[in-house]
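So the structure is just underneath, and the comments pick up after that.
Both counts, for ligands and for their atoms, begin at 1 and track the order of listing.
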Amino acid sequence: MNVKPSTTAVQLKHVNLAYPEVIGIRNQVPLLDSRYVPQIFLDNAASTKPFQCVSNFLQEIQPYYSNIHRGKGFDSSFCTQRYQEARHVVGEFVGWDCERDVVIPVRSTTEGINLLANIIHFAPGQTVLTTLLEHHSNDLPWRRQAKVEHLPVNEKGQLSLDELERHLKASNGRVRVVSVTGASNVTGTILPIHEIAVIAHKYGALVVVDGAQLVPHRQVQMRPHDDPSHIDFLVFSGHKMNCPLGVGAVVGHRNIFDAATPYQPGGGTVSSVHLDQVIWADTPNRNEAGTPNILGLFALARTIQVLESVGMEAVETHERYLTAQLLQGLAQLPQVKILGESNPETIQNRLGVVSFTVEGVHHALAAAILSYEWGIAVRNGCFCAQPLLRHLLKVTKKQDLLCQEEILQGNQHNVPGAVRASLGLHNTAADIQTLVEAVTCIARQQWQGNYKQDVITGEFSPQGFCFNFNDLPGFKTEPSNSFYR
Ligand code: PLP
């Protein structure tokens with residue numbers, strides 16, 4: 001049973017956050033009843049919308065775009081210099097050691113963890129220790145390289161540090177890597193990454209932090225290499241922190257990158273190539289095969305500068321206030337069960353990621369109603385964390401087997417899941433109030449549409465209504481125009 005938090009309101013002061021324009025945050029969206037309303041965007045844990053000023057910066061810099069490194073033209077020299085500067089901005093943001101660490105731009109956190117799983121050397125029998133809280137992207141990449149063990153979490157999704165220590169002690173030095181999420185993308189739980197690092201280092205393991213959720217919402221510092229609480233590798237994604245392009249970064253030990261053959265060999269990764277011999281380039285070049293995402297790294301660095309000027313502490317204060325408001329609002333609804341810790345008094349240990357179920361309402365139906373009848377964008381399903389969802393939802397072995405059988409037959413209609421609302425810096429108290437109002441109606445089984453579920457995808461849509469994208473930008477040629485405007 002869900003333990004309801006005390007209904008005494010947590011006294012938090014709301015400070016209006018001053019932040020630069022976020023593109024498209026109040027787009028008008030159509031509703032089932034033919035009205036158009038400004039969208040309430042609460043799907044930020046998946047991707048955030050970009051800062052207008054970063055998009056402007058890209059427009060300014062684009063005329064000088066040219067490939068970096070060996071180009072001798074003005075533009076190439078300019079981009080090469082800016083690329084190195086951008087690398088520093090990213091490293092400084094997370095407190096790197098610019099001598100001993102390196103910043104490797106990647107497409108996303110997923111690519112970053114795959115990169116690490118491939119460059120960290122595992123001797124036979126060495127393992128990776130992770131947790132049941134992880135996104136699949138901090139689990140599956142490791143499974144290809146080593147045996148992966150998962151620390152359990154309790155019914156609130158919390159990890160025991162004693163359990164971590166017990167496991168490491170019993171493993172007799174077999175654990176090569178402890179890889180944990182900085183914060184759960186399902187429950188919002190923030191993990192004590194530095195305490196985890198102290199314990200992991202005591203047993204000789206490297207510490208990798210999946211910062212996909214944490215870095216956009218909290219000030220994360222890797223700390224000095226000689227500090228036992230140091231983070232060895234940090235990985236994060238720009239698209240979750242209001243950066244317009246698909247880019248992310250891995251920050252960590254230069255010498256470990258130097259000791260490994262490139263994950264992706266190719267142009268740029270070499271100093272010398274003969275038909276029968278290759279000398280790899282030094283890091284970071286050996287890990288940036290082909291043409292890197294130059295504009296992407298510029299965008300990430302500029303986004304970081306913008307976030308720094310807003311202030312990560314201010315972001316945290318603002319999001320905490322709204323998170324408490326959301327938890328308090330949902331706590332009034334007996335039909336709603338929040339996954340993980342639901343007590344607003346513990347918000348210092350969590351992000352504004354709130355996943356919940358509504359009794360008697362399929363998660364996909366609830367998400368559809370929020371979208372079609374309220375203009376609220378959330379996400380539903382398992383959020384790429386299926387083992388965690390099964391644990392939190394207490395899915396029985398029998399239910400799981402049945403579901404697996406249906407999936408094998410191509411039917412997703414019974415897949416367990418939840419609805420997730422995730423906050424960004426643009427969200428307001430009014431957004432949260434509307435969400436709580438909407439969930440209240442859903443909990444009382446009050447909605448307008450007649451929804452039908454697609455057995456194959458599991459998604460619900462209202463009968464007689466679908467979104468029309470014809471007037472939005474697309475790829476149809478305009479017959480009268482040979483050039484696009
Ligand atoms: N790790 C966590 C905790 C996430 O929430 C996500 C994405 O939602 C990822 C990893 C994967 O990030 P990306 O999609 O940028 O590869």
message: Once you measure the plane-to-plane angle for His253 and His230, does it fall in the parallel (<30°), tilted (30-60°) or perpendicular (>60°) bin?
response: perpendicular
field: Aromatic plane relationship, Phe460 with His362 - under 30° parallel, 30 to 60° tilted, over 60° perpendicular
entry: tilted
Ring center gap for Phe51 and Tyr19 short of 6.0 angstrom: no
State whether the shortest distance between N or O atoms of [X] and N or O atoms of ligand 1 falls below 3.5 angstrom.
X      : answer
Ser137 : no
Thr181 : no
Glu111 : no

query: Do Thr131 and Glu134 have a side chain donor and acceptor closer than 3.5 Å?
result: yes
Using a strict cut-off of 4.0 Å, indicate which atoms of ligand 1 neighbour a heavy atom of [X].
X      : answer
Asn185 : 5 (O)
Ser237 : 12 (O), 13 (P), 15 (O)
Ala212 : 1 (N), 2 (C), 4 (C), 6 (C), 9 (C), 10 (C)

Going by atom type alone, with no hydrogens or angles, which donor-acceptor pairs under 3.5 Å involve a side-chain atom of residues 192-200 and a protein atom two or more places apart or on another chain?
| residue | atom | partner | partner atom | Å |
| --- | --- | --- | --- | --- |
| His194 | ND1 | Ser229 | O | 2.7 |
| His194 | NE2 | Gln221 | O | 3.3 |

query: Relative to atom 8 (O) of ligand 1, which among Gln213, Lys240, His239, Arg107 owns the nearest non-hydrogen atom?
result: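 Ranked by closest heavy atom to atom 8 (O) of ligand 1, first place is Lys240.
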message: As a check for students: among Asp210, Thr110, Thr109, identify the option with a heavy atom nearest to atom 1 (N) of ligand 1.
response: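 Nearest heavy atom to atom 1 (N) of ligand 1 lies in Asp210.
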Test applied, side chain to side chain donor-acceptor pair (under 3.5 Å); reference residue, Glu85; option that passes from His88, Arg87, Arg82: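 One option only clears the test, and that one is Arg82.
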message: I need the nearest protein heavy-atom contact for atom 4 (C) of ligand 1: residue, atom name and distance, please.
response: His135 CD2, 3.2 Å
message: Using side-chain heavy atoms (C-beta onward) and a distance below 4.5 Å, is Val378 in contact with Arg420?
response: no
